J.: 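My structure is below; once you've seen it, I'll send some questions.
We name chains A, B, ... by the order of the sequence lines, and we start the count at 1 in each one. Values in this document were obtained by computation on a predicted structure and should not be read as measured data.
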2 protein chains.
Amino acid sequence: MVSVLSAQTKQTQRHREPCGACADCEVRKMAICAALQDDALDALESIMTSRKLETGEMLVEEGAPKLKVFSLTAGLLRLFTLLPDGRRQISGFLYPGDYLGLADDGTYSQTAEAVVPSTLCSFAVSEMDDLMDAHPALKDRLYVMTREALRQSRDNQLVLGRLAPVEKLASFLLVLSAQAERIGQPANPVHLAMNRTDIADYLGLTIETVSRCFTKMRTQGLIQLPDANTVSILSHRSLAAVAGAEFKS
Amino acid sequence: MVSVLSAQTKQTQRHREPCGACADCEVRKMAICAALQDDALDALESIMTSRKLETGEMLVEEGAPKLKVFSLTAGLLRLFTLLPDGRRQISGFLYPGDYLGLADDGTYSQTAEAVVPSTLCSFAVSEMDDLMDAHPALKDRLYVMTREALRQSRDNQLVLGRLAPVEKLASFLLVLSAQAERIGQPANPVHLAMNRTDIADYLGLTIETVSRCFTKMRTQGLIQLPDANTVSILSHRSLAAVAGAEFKS
DNA sequence: CGAATCTTTGAAGGAGATCAACTATAGTGG
DNA sequence: CCACTATAGTTGATCTCCTTCAAAGATTCG
């Protein structure tokens, strides 16, 4: 409690730093700070601290008390659950603009790790709660993002429960492509920041099956694989058809 | 718009009907109306209309404009998505106290049907939005329920992606048992209100596999099946072990 | 009682997992 | 700079489990 308060004091004193401040933030228009008035944004910035993560570094662990929430500004996180025997299910990836802590009440319900070096805005939950009381728009924004996350999670249930492996992978590539576009990157040569194990654990497959599906899609002329982490979509249309026509775009 | 207003007028006039009113509602302590002050509850009741559904009746359809939201008071609903070729994924079941419309913005993202005859409280979205502005506790309550739904959906992703068929079914039975207890029914002889097709479409299996898993669990002495829709859990402990130890209870 | 629906069980086939080996890429240290 | 190692990805062979196809109970309802 004491440390939280002193952190707040320290942050409040730091007005509008030239670089890295919200004003010139790359994800200002998409993150929690989107649709906030200037005063709310200032208040949000005043309780914000920055944090960086190395590849593979754990940010929060399932079951730990939820003391901080985060807004990802750059990089990529994976959100997952482990079974006692080591099986892992990645429930989703967090991209720049995404918020960590939407689902959690009291304790984190999942573990979050950096897939690549990442930078985040960090907020103490207690301060964020106070801020939400002062600025209803902030709470509304988080509520909207939570609904969006719920729809996405339910879409994933369909993918996991009813799509065949190739359909899963096609659907995944299309989502990645759309996501890249959303954060202002090229939609077509899709860059896979995560490895095969991550993809497998996200789609409920093994790495061998993921690899074979990539090969099959390449053989069928749907994609090219200049290298293992770059996918060139040759026919968005055909790929969508393979995705079980599940993809709305 | 006009019809909505006239409905409001009609409802506002009906004060505290003796039966079916919120005061003696069975799910008052669990539904959206939990944790509401009397004035908020009165306001909520004033815009509420009652609705009944027959078995199999559709309540809302995916893609349709979200004009109403619902609170289930009795019965059971299934929430699902269909693929063009007929494959279906049930993302969840709604039990008494659950709310329909948590994930949706503008249009319904999934179809909802009654599994058994059900009764609901119905609210016009426009009126509910007004009410949420007037009573922040209402919005907070919906937000809490949305977070809960998100955690549940992510748990389901783990079940769908990483559990074997018997583990899925064991996990499902334990959830059903806990749910029954939550709404004041016996936890142990679990009553299956849904059929094998529903269970299969919820767990990402075929009905044959579901049936065989039931048989296997019966053979192994984990459960008894007095009839197809009644499951007697013989060892909660063993069942939890089979569920991949995924079940926290 | 008989039709319809639901559930269970059986037999066959196939798809994905597992096990194993090989290739490619990146990072390290001599 | 280049071997050497470690890690990641691909490919192959086999096997197992789930799906598919089929038919036989069981239950419900008119």
J.: Could you name each residue pair satisfying ring pair (Phe, Tyr, Trp, His ring centres under 6.0 Å) that touches residues 95-114 of chain A, not counting sequence neighbours?
T.: none
J.: Quantified as the angle between the terminal helix axes (five pairs each), what is the overall bend of the helix from C:dC1-D:dG30 to C:dA12-D:dT19 to 10 degrees?
T.: 10°
J.: Using distance alone, with no hydrogens and no angle criterion, decide if A:R154 and A:Q157 have a side-chain donor and acceptor under 3.5 Å apart.
T.: no
J.: Test of understanding: with salt bridge (charged side-chain N to carboxylate O under 4.0 Å, His left out), list the residues that count as partners of A:R87, not counting sequence neighbours.
T.: A:D85, B:E167
J.: Within this structure, what is the CG-to-P distance between A:L163 and C:dA15, rounded to whole angstrom?
T.: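 Rounding to the nearest Å, CG of A:L163 and P of C:dA15 are 16 Å apart.
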J.: What residues, two or more places apart in sequence or in another chain, satisfy ring-ring contact (aromatic ring centres under 6.0 Å, His included) together with A:F93?
T.: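 If we apply the ring-ring contact (aromatic ring centres under 6.0 Å, His included) test to A:F93, skipping adjacent residues, the hits are A:Y202.
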J.: How far apart are the closest heavy atoms of B:Q110 and B:V60, and which atoms are they?
T.: O-CG2, 3.9 Å
J.: Output all residues satisfying salt bridge (charged side-chain N to carboxylate O under 4.0 Å, His left out) with A:D227, sequence neighbours left out; order by chain, then residue number.
T.: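 Partners of A:D227 under the salt bridge (charged side-chain N to carboxylate O under 4.0 Å, His left out) test: none.
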J.: Show me the donor-acceptor pairs within less than 3.5 Å that the side chains of residues 185-192 of chain B make with the rest of the protein, sequence neighbours left out.
T.:
| unit_1 | atom_1 | unit_2 | atom_2 | d |
| --- | --- | --- | --- | --- |
| B:N188 | OD1 | B:I233 | N | 3.0 |
| B:N188 | ND2 | B:I233 | O | 3.2 |
| B:H191 | ND1 | B:N229 | O | 3.4 |

J.: In whole angstroms, how far is the P atom of C:dG16 from the CG atom of A:L203?
T.: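 Taking CG of A:L203 and P of C:dG16, I get 13 Å after rounding.
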J.: Please, which pairs that meet salt bridge (charged side-chain N to carboxylate O under 4.0 Å, His left out) have at least one residue in residues 72-82 of chain A, sequence neighbours excluded?
T.: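 Output for this query lists A:R78-A:E113, A:R78-A:D198.
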J.: Side chain to side chain donor-acceptor pair (under 3.5 Å) with B:T215: which residues, sequence neighbours excluded?
T.: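 Applying side chain to side chain donor-acceptor pair (under 3.5 Å) to B:T215 gives none.
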J.: Could you tell me the separation between the CG atom of B:D201 and the P atom of D:dT19, rounded to a whole number of Å?
T.: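 Distance check: B:D201 CG to D:dT19 P gives 11 Å.
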J.: Sort and list the pairs that fulfil salt bridge (charged side-chain N to carboxylate O under 4.0 Å, His left out) and have at least one residue in residues 188-197 of chain A, not counting sequence neighbours.
T.: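 Pairs touching residues 188-197 of chain A that pass the test: none.
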J.: Figure out the CZ/C1' separation between A:R87 and C:dA17, and round it to whole Å.
T.: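 Going from A:R87 (CZ) to C:dA17 (C1'), I get 13 Å.
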J.: Between the protein and nucleotides 5-9 of chain D, list every N/O to N/O distance that falls short of 3.5 Å.
T.:
| unit_1 | atom_1 | unit_2 | atom_2 | d |
| --- | --- | --- | --- | --- |
| D:dG9 | OP2 | A:R196 | N | 3.3 |

J.: Could you tell me how far apart A:L169 (CG) and C:dG16 (C1') are, to the nearest whole angstrom?
T.: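 Nearest whole value for this atom pair: 14 Å.
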J.: How long is the line joining CD1 of B:I223 and C1' of C:dT8, in whole Å?
T.: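 Rounded to whole Å, this separation is 13 Å.
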J.: At a cut-off of 3.5 Å, list every protein nitrogen or oxygen paired with a nitrogen or oxygen from nucleotides 18-21 of chain C, distance to 0.1 Å.
T.:
| unit_1 | atom_1 | unit_2 | atom_2 | d |
| --- | --- | --- | --- | --- |
| C:dT18 | O4 | A:R212 | NH2 | 2.9 |
| C:dC19 | N4 | A:E208 | OE2 | 3.2 |

J.: Scan for ring pair (Phe, Tyr, Trp, His ring centres under 6.0 Å) pairs involving residues 211-235 of chain A, sequence neighbours excluded, and state none if there are none.
T.: none
J.: To the nearest angstrom, how far is A:K216 atom NZ from D:dT11 atom C1'?
T.: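 In whole Å, D:dT11 C1' lies 14 Å from A:K216 NZ.
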